[in-house]
Amino acid sequence: MSSRMHPDNDETINPSGNTSIRDVMAEFSGRRNFLKGSLGMATIATLGGFASQAQAYVGSPAPGGGGITFTGLPPNLAAGFVDAVSVPTGYTAKTLIAWGDAIGVSGPAALINHDHADPLPITAARQNTTFGQHNDGMHFFAFPAAGTGGVSNTRGLLVVNHEYVDPGLHANTATYGAIVITKALVDAQVAAHGVSVLEVRKTGGEWSVVKPSPFARRITGETPMRISGPAAGADAMKTAADPTGTSVLGTLNNCAHGFTPWGTYLTCEENWNGYFGAVGSFTQTSAERRYGVTAGGFGYRWHEADPRFNLNAAGNRNEPNRFGWVVEIDPFNPRAMPVKRTGLGRIKHESCAFAVADDGTICFYTGDDERNDYMYKFVCAGKYNPKNRGANRDLLDSGTLYVAKFNADGTGTWLPLVFGMGGLTPANGFTSQADVLIRTRQAADRAGATMMDRPEWVAVHPTTREVYLTLTNNNRRGSNPPSSNNPDGSTSAGGARPPVDTPNPRPDNRYGHIIRWTETANDPAATTFAWDIFVECGDRLNPAANLKGNINGDDLGAPDGLWFDQDGRLWIQTDQQGDGLGDWTNIGGNAMFAADPATRRITRFLTSPRNCETTGVVSTPDGKTMFVGIQHPGEDWAPGTYTSRSTWPDSGVNGPTTQATVSKPRSGLLVVTKNDGGVVGT
Ligand code: FEO
Ligand code: CA
Ligand code: CA
């Protein structure tokens, strides 16, 4: 159940209903279960040690280049798979906050009962005062440094996304499908999503969350928001609850993020489709099909108790159209209403990263994380004004949304998604710019964009403005051309198996790759670019030749989180499923790596607890404190399996690790520092 709730690794989101990744995962889990069955539970705990003895990992313990001077770690699997975070010699990682910890707002006691016996560990009232579940992208907004005109490296606002919730924590995961869904339960889960704004401070050498803080804030799936930009007020945005189409409750599935140079935070709505369902008979429209809006959703069942999530509730069919946007939040004004900026399109936004030229020309890159979907950029019509924050307030409302076409010769074109251009016409069913934006995917289908291997995070180099994009994996390439499964008549990516192409060269891209490009004349508003593949990820011990990758340094798979630090080190975080048995021998579990863009050398910096992913990374401006996210430790945690799972970060807090009292694993944040006070990565 819980992997269904975490669709980054699952197929329930795909409108075609194809189950090929599920087949792969069944094979993977089957192998793991086979090992359990044949060797017994006592042995499974030492399997990592077995792997370590039988086959040493192949990697690069030598320091990397490009300002990367630490000695890289072996994969956790080679270390025996400890249920803990590891960092290189000379570094320290500490937990800053985890799900359910108080964030410093007044309200009910911050109490999440870690004991699995608690039948209702979260309530909306508790969650509204505490750190949300399953943190993902985040940014650090430094406070001004007193009297210097500069920025602080010891105090600021840490703004953090909360991507999804484990409904299994409301009941035994295996039995969630049978429990009665109440409005109180839905409210609690809705409140676990969204964003946390934390004030953090370093005092006496230690970082902590400031409690109370006037800036501390939870923004959730219930927080009122304004809808702005070209789609605001469109008929397709109106519901019975909002006949104006200009206001909406909440933001959901807040995966990765972005920020603006004028000091606002951008939270991206990714797999929002899975929260909706239908009570009664349901006939899916072509638009719903293209976005994966279905009668059952991902199994949350919120629609059974809350009409807002019921597609059949009177006047509510458009509610899903009000999700799938980039939401702008002013963290410095706790009373400011978040704004859904429709100009950036409606997709499954992964992240949103800007590039700005010296003259203020600015664009925002954002990928649509689905197999064979697209990469976008939004070029603001206005220029960024660094001297007047207020002048930038609505920059994201006016501009041009483009989608990327990667040509085989290493060039590329940004295709405008503008009503009336490129076939986005009434003759082809498009009625307005609002319609183009609400159905961004279909508009991009029509424009002829390049189907990519799941666009995840984007990172822009701080000085060269070269753009990097993780393409995490894709098993849906083949010979079934686009347009074979397109009820709206467009060239649909939804059910197609496109052939491999030069930007997506592998037919079974299990380990993913990273692509990069430079805009023509280095202009953020350019409509052409030049691209190359930075790395094809892989496991060099994999017997299949096309899965070995071409990594210079340490092996990795399923690249997802991506971020450039102040010195131009590229940090890569991974989201493979499981602990790294099976076909991930030389990779082990999920980890975070530092890469040198010049030499492409990749070095493993941090390994993570069992069954989690590493996602979310940012530093203080001086690079000496790094915040790193650990998401879904012990994914698929369930009674009877805890010995091979995770209790991070609370191991032992509830006493002996008997099944009744063992701690639930919790997503949380790390503070990583260098023991000599130096820059992280050196
Ligand atoms: Fe939520 Fe695409 O990662
Ligand atoms: Ca993920
Ligand atoms: Ca991700």
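Counting starts at 1 for both ligands and their atoms, following the listed order. This one's a predicted model, so the numbers in the text were calculated from it and none came from an experiment.
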Name of whichever N/O/S atom of Glu456 is nearest to atom 2 (Fe) of ligand 1: OE1

Rounded to 10 degrees, the angle OE2 of Glu350 makes with OD1 of Asp560 at the Ca ion (ligand 3): 90°

Test of ring centre spacing under 6.0 Å for Phe364 and Tyr376: no

Glu456: its N/O/S atom lying closest to the Ca ion (ligand 3) (atom name): OE1

Tyr511 side chain to Asp539 side chain, donor-acceptor N/O pair below 3.5 angstrom: no

Contact flag Asp369/atom 1 (Fe) of ligand 1, N/O/S atoms, threshold under 2.8 Å: no

Among the N, O or S atoms of Glu163, the one nearest atom 1 (Fe) of ligand 1: OE2

Pair Gln573-Asn590, side-chain donor/acceptor within less than 3.5 Å: no

Opening angle between OE2 in Glu270 and OE1 in Glu350, taken at atom 2 (Fe) of ligand 1, to 10 degrees: 80°

Trp272/Phe323 aromatic ring centres below 6.0 Å: no

Check: Tyr291/Asn321 side-chain N/O donor and acceptor closer than 3.5 Å: no

